[in-house]
Amino acid sequence: MAPAQSGEADSIEALWADARTELDAVQTHEELEPLRLRWLGRRGRITLRLRGLGELDEAERPAAGAELNRLKGFISETLQMRHAELSAPVETPDIDVSLPGRAVETGGIHPCTAVMDEVEDFFAGLGYCTASGPEVEYESYNFDALNIPEDHPARTMHDTLYINAPVGRQGRQLLRTHTSPIQVRLLERQAPPVYAVSMGRTYRSDAPDATHIPMFHQIEGIVVDEGISFADLKGTIELFLRSFFGPDTEVRLRPSYFPFTEPSAEVDVRGSGGDWLEVMGCGLMHPKVLQGCGIDSARYSGFAFGMGVERLTMLRFGFADLRALISGDIDFLRQFR
Ligand code: DAH
């Protein structure tokens, strides 16, 4: 509050500074009128000073008067401005900013796709190309060319859905039961050396349970070159499995049988102290398969391997029921992003 004029008068600079401080400090409408009275009222600081001008030397009067009037103008203009500011209606937004935002749902990579991408990347690093083939396949590619003749028991294990279409030279059409027919399609097209992986959907007429679904995915690897031996197969598979499951993973090959490889093996992995778990089948390319694709099996040899993507995914992420992968349960799938 400004003191009433007593004794030595405030300098004009001090008046300007006081006025500015008080005007800046105004927060509410109610403070405006008292401020006006303090400065411009009948006993206001400016009013009193203007009245006191007569006591000054005649020479000082005009300048002091002009300066006081300038300050007076400033105060009343600023009061008007603050009045307008403080009277402006408070904007009430028609949106409730306290509500949670509308989330933009972005898609994610399915864990099986992520696994296939990783495997593809790994083998690309070894110089393999990626090949693909049709999901609706001919019997000749799915079975015959892979040394699985009509009466072979493996055909029963690979029961699937057949397509109702005219039967041609290549036999009936079916939903492919494995990715191995891609080996044949690739070797028909491309002369050795061949280093390739391929992956995609495969089908079998299995009833869904914790370890089977009728549509699943496989990854196939194939190498055909001069001088390929079982040691190349074993080294490649160990390298891959230790990259995929961790450097301390133990890898074991067990003798097995597949019509299109000779010799054949099944591959198991074991983490620290855990159980052995089967992850893939493999073997050296059967000479009959190479010859069927027009490849000189005396000059070239090769190996192949095949694995189930869902199984790799379950082992990698540690869950037990593979139906979870096709459940469409976003909360479940999101964990693996
Ligand atoms: N095609 C086989 C299956 O579906 C998996 C397989 C085994 C693929 C051995 C291969 C292989 O390439 O060498 O059961």
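Whatever order the structure lists ligands and atoms in, that order sets their numbers, starting from 1.
- Using a 4.0 Å cut-off between charged side-chain N and carboxylate O, E137 and R176 make no salt bridge.
- Just one of F230, F240, F123, F260 meets the ring-ring contact (aromatic ring centres under 6.0 Å, His included) condition when paired with F305; it is F123.
- In this structure, a donor-acceptor pair under 3.5 Å is absent between the side chains of E220 and S198.
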For residues 276-288, run the donor-acceptor check on the side chains, cut-off 3.5 Å, and write out each pair with its distance to 0.1 Å, sequence neighbours left out.
residue, atom, partner, partner atom, Å
H286, ND1, K288, N, 3.1

Yes or no on side-chain hydrogen bond (donor to acceptor under 3.5 Å, both in side chains) for S272 and D248, after CA distance, side-chain angles and deciding distance? CA-CA 7 Å; S272 48; D248 298 329; over 6 Å; no

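- Contact residues of ligand 1 (protein heavy atom closer than 4.0 angstrom to a ligand atom; sorted by chain and number): H158, H178, S180, Q183, R204, Q218, E220, F258, F260, T261, G281, C282, G283, A304, F305, G306.
- We find the OG-CZ distance between S87 and R82 to be 11.0 Å, quoted to the nearest 0.5 Å.
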